[in-house]
Asker: 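One structure coming up, written as C-alpha cells, with questions to follow.
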Amino acid sequence: MKKFNSFPIIKTNLLSHHSITITTLTLSNEQQQQQQTQTSKQRVSEQTCLSLLHSCTTLTSLTQIHSLILKLGLHQNPLVLTKFASTSSNFNSIHYASSFIFHSHHNADPPSFYDAFLFNTVIRAYAQTLHSKSMALHFYKTMLCYGVLPNKFTYPFVLKACAGIGGLNLGKSVHGFVVKLGFEDDLHVQNTMIHMYCCCEGEVEFARKVFDGSPKSDSVTWSAMIGGYARSGRSTEAVGLFREMQVVGVCPDEITMVSVLSACTDLGALELGKWLESYVDRMKITKSLELCNALIDMFAKCGDVDKAMKLFRRMSMRTIVSWTSVIDGLAMHGRGLEAVSLFDEMVEQGVAPDDVAFIGVLSACSHSGLVDKGHYYFNSMEKNFGIVPKIEHYGCMVDLLSRAGLVKEAVEFVQNMPIEPNQIIWRSIITACHARGELKLGETISKELIKSEPMHESNYVLLSNIYAKLLRWEKKTKVREMMDMKGMKKVPGSTMIELNNEMYEFVAGDKSHDQYKEIYEMVDEMGREIKRAGYVPTTSQVLLDIDEEDKEDALHRHSEKLAIAFALLNTNPGTPIRIVKNLRVCEDCHSATKFISKVYNREIVVRDRNRFHHFNNGLCSCRDFW
DNA sequence: ATAGGAAATG
C-alpha cells in the first residue's frame, strides 16, 4: 500500500526541492523495497526511476538518479536506460548518460539489452544538440558494429546529424544503408534525406534527384527542397518550385511559406511578397512567430519598411529576431535615428540584445553618420550586456568612422583592436580613403590587400578607382592587366526588376530581351534628357581601357540603366520603380538615377548589395554617401 | 520515438 502513496510525494518533492529530497527518499524507498518480493520490487523501482526521470531537468538531478539506478540494480533495464538518455537535453547530460549506458562494454560482447530504441534515443539526443553531430554518428556506427539493426526511426536522426556536418560522402554512404534496409520510401526518411543533401555544400542537385524520385510527397518534402534552393541562393528556382507545388496540389503550411518568403526576400520581389502575404491570409495558414518574422524581414528588404514596421507593431509576441529584423530594415533604408530608438525601446521592454542585434544597431549608426551613438552602443555591449564584441562589431565601428570621414581615427581604431582586422575592414578604410582624398594611404592598403587576397575582385576595383582619381591611367591599366593575368573574371553587375508577376534580369549591354531595341532607344533618350537637366557622366570608374566617348557609352549600358529604361517603357507614369542590384550602385548610375527621378517624375527605389536608395525629385535618401 | 522554417559588419 505504501508504495502507491509514496509515489506522488517523490514527484512533487523532486520538482520543488531538487537533489536533497531525492537522496533522502532514495533511502526510504530502499527500506520499503526490502520488505517486498524481488519482482514487484523491480517493477516499483523501475516505475520510480521512470517517474523521477520524467521530471528531471538538470545534470545534478540526473547524476543522482544515476546512483539510484545503480543502487536499485536497474543499470541493465533498457526502458530505464532509454528514458535516462531521452531526458538529456544538453551536451553535458547526454554525454553523461551515454557514457554510463555504454561504459565498460567496449571490448566485450555487446550486452543483449541493447536495442534500436536505446540507440535511437542516444543518437537523437546528440543529433539535436549543438556541436555534437559527430557523436550521433559515432553511436550510429557503434550500433552497426554491435549488430543492432537500425529501424526507420533511426535514419531521420542520423541524416539530421549528417546535415549538420555536411560531408557528401558521409551522406551518400548513409543513403546507401537506407536503400539496403528498404527505408527509402518512408516519407520521414525521404524528407530528411532531401534536407541532408541540401545541407551539403553545393549538392542541391542530389537533393533534387531524391525529390524527383520520391513516390510520395507532402508539405515537408516541398519545404525541404524549397528551403534548400533558398539557402543556396537559387531563389528563382525556390519560387518556381513553390508555384509547381500549387499546380501539383500539395497544400503549403507555415514552414513552406517561411522558406519561399526567404527566397522572395533575396529576390527583392515586393509584389510577390505581397501576394504571398495575402495567400497566407486566404489559405488561413497559421501566422506563427517565425512566419511573422519572415514577413517583416521580407517587407523591410523588399523596400517597404513602413509595412514591416506596421506588422511588427501588430505582433502579440516578439523575439529578438523580430526586433533585429526591423532595426536592420530601418538601418538599410538610412533611417538610423528610428533604428536606434527602436533598439532603446527593446532594451526598455526588457528584451536582451544579442550580438546580431548589436550588428544591426551599429550598422544603423554607421549608415546614418551617428558617430557618438555608435561609440555609446559599442561600449555598452560588454559593460551592460556582457557581449564580447566580435569582428563584425569592430567592422561596424571601422565603417562608422570611415563613413564619417574620420580616416585617421579608423586606422587608429584598427591598430588598437584586440583582434586581427579582416579584409572587409580594410575595404571600408580604402573606400573612405578614396572618398576623402587620402589616395596614397588607400593605394598602400589596397596593394597589401591584393597581396593577401589576390583572387578577390573588389580589391582590384578599389585600387583601380584610386588610380582613376589620381588620373594615373597607365597604373589603372596595369591593374586591369593584373586581373587578366590571374584569369579573373569580373562578377557581372546585374539588375532585377519585377513586372507583372515576372522577374526580369538585366546585365550590362544585355540584348537578350525581346524589347531590347526599344530599351536602348529609351536609354539614349534618358541620356539626352538628363544631360539637358545638368547630368555629367562620371567616366573615371569605368575599368575598361577605352576612350572617353566609349566610356560614356559603356556607362549607358549598365544594367541599372537598362532596367530603369525597361520600367519607364512598361509602367504607368508616376508609379514608383523598384530595382534590385547584385553589386553596389556605381557613382555614375547613382548620379544619373537622381536626374531620372526628377526628369521623369518617378520615385525610384534601388536596393544595392548593402542598402536602399530612395530617389525622389533629384535627391537620394542616402545623401550621396553609401 | 521519426522530417522541413526566422535576424548578421562591406
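Every chain is numbered from 1 and lettered A, B, ... according to where its sequence line falls, protein lines coming before strand lines.
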Asker: Touch check for A:Ile391, heavy atoms < 4.0 angstrom, all strands: base, sugar-phosphate only, or nothing?
Answerer: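 Contact class for A:Ile391: base.
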
Asker: Would you list the pairs meeting salt bridge (Lys or Arg N to Asp or Glu O under 4.0 Å) in which at least one residue belongs to residues 222-244 of chain A, sequence neighbours left out?
Answerer: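 Output for this query lists A:Glu205-A:Arg234, A:Arg234-A:Glu237.
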
Asker: Could you check whether A:Ser288 gets within reach of a base, just the sugar-phosphate, or nothing at all, counting any heavy atom under 4.0 Å?
Answerer: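 Base contact - A:Ser288 has a heavy atom under 4.0 Å of at least one base atom.
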
Asker: Extract, from 5' to 3' on DNA chain B, the first and final nucleotides lying under 4.0 angstrom from some heavy atom of chain A.
Answerer: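 Footprint of chain A along DNA chain B, 5' to 3': B:dA1 to B:dG10.
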
Asker: If you look only at distance, which donor and acceptor atoms sit under 3.5 Å apart when one is on a side chain in residues 179-187 of chain A and the other is two or more places apart or in another chain?
Answerer:
from     : atom 1 : to       : atom 2 : distance (Å)
A:Asp186 : OD2    : A:His188 : N      : 3.1
A:Asp186 : OD2    : A:Val189 : N      : 3.0

Asker: Check side chain to side chain donor-acceptor pair (under 3.5 Å) between A:Thr87 and all other residues, then give those that pass, not counting sequence neighbours.
Answerer: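 Partners of A:Thr87 by the side chain to side chain donor-acceptor pair (under 3.5 Å) criterion come out as none, since no residue qualifies.
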
Asker: Taking any heavy-atom pair under 4.0 Å as a contact, classify A:Asp297: base, sugar-phosphate, or nothing.
Answerer: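 Sugar-phosphate only.
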
Asker: Name all pairs fulfilling the salt bridge (Lys or Arg N to Asp or Glu O under 4.0 Å) condition that reach into residues 250-260 of chain A, sequence neighbours left out, sorted by first residue then second.
Answerer: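 Checked against salt bridge (Lys or Arg N to Asp or Glu O under 4.0 Å) - neighbours excluded - no pair reaches residues 250-260 of chain A.
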
Asker: Once you apply a heavy-atom cut-off of 4.0 Å, does A:Arg231 come out as touching a base, just sugar-phosphate, or nothing?
Answerer: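 It contacts sugar-phosphate atoms only.
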
Asker: Any salt bridge (Lys or Arg N to Asp or Glu O under 4.0 Å) pairs touching residues 209-228 of chain A, not counting sequence neighbours?
Answerer: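 Passing the test, one end in residues 209-228 of chain A: A:Arg208-A:Asp212.
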
Asker: Please table the atom pairs, donor to acceptor, closer than 3.5 Å between any side-chain atom in residues 349-357 of chain A and protein atoms at least two apart or in another chain.
Answerer:
from     : atom 1 : to       : atom 2 : distance (Å)
A:Asp354 : OD1    : A:Val356 : N      : 3.2
A:Asp354 : OD1    : A:Ala357 : N      : 2.9
A:Asp355 : OD2    : A:Lys390 : NZ     : 2.9

Asker: Please verify the inter-ring angle class for A:Phe612 with A:His333; under 30° counts as parallel, over 60° as perpendicular, anything in between as tilted.
Answerer: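 Geometry flag for A:His333 against A:Phe612: parallel rings.
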
Asker: NA contact type, A:Thr431, heavy-atom cut-off 4.0 Å: base, sugar-phosphate, or nothing?
Answerer: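 Nothing, no nucleic acid heavy atom in range.
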
Asker: How is A:Thr82 classified with respect to the nucleic acid when contacts are heavy atoms under 4.0 Å: base, sugar-phosphate, or nothing?
Answerer: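 Counting heavy atoms under 4.0 Å across all strands, no contact is made by A:Thr82.
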
Asker: When we call it a touch if two heavy atoms are under 4.0 Å apart, what does A:Lys390 touch: a base, just sugar-phosphate, or nothing?
Answerer: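 Result for A:Lys390 = nothing.
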
Asker: Under 4.0 angstrom, heavy atoms only, what part of the nucleic acid is A:Ser223 near: base, sugar-phosphate, or nothing?
Answerer: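 Counting heavy atoms under 4.0 Å across all strands, the contact made by A:Ser223 includes a base.
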
Asker: Answer with base, sugar-phosphate or nothing: what part of the nucleic acid does A:Lys301 contact at a heavy-atom distance below 4.0 Å?
Answerer: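 Result for A:Lys301 = sugar-phosphate.
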
Asker: Under 4.5 Å between any side-chain heavy atoms of A:Ile320 and A:Met346, yes or no?
Answerer: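 The answer is yes, as the side chains (C-beta and beyond) meet within the 4.5 Å cut-off.
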
Asker: Assign A:Phe117 to base, sugar-phosphate, or nothing according to its heavy-atom contacts below 4.0 angstrom with the strands shown.
Answerer: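 A:Phe117: base contact, heavy atoms under 4.0 Å.
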
Asker: At a heavy-atom distance below 4.0 Å, what parts of residues 353-364 of chain A sit against DNA chain B?
Answerer: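 A:Asp354, A:Val356, A:Ile359, in order of number.
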
Asker: Filter on salt bridge (Lys or Arg N to Asp or Glu O under 4.0 Å), then keep only pairs touching residues 312-333 of chain A, sequence neighbours left out; what's left?
Answerer: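 Non-adjacent pairs meeting salt bridge (Lys or Arg N to Asp or Glu O under 4.0 Å): A:Arg313-A:Glu345.
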
Asker: Please work out if A:Gln190 contacts a base, only the sugar-phosphate, or nothing of the nucleic acid, heavy-atom cut-off 4.0 Å.
Answerer: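 Contact class for A:Gln190: none.
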
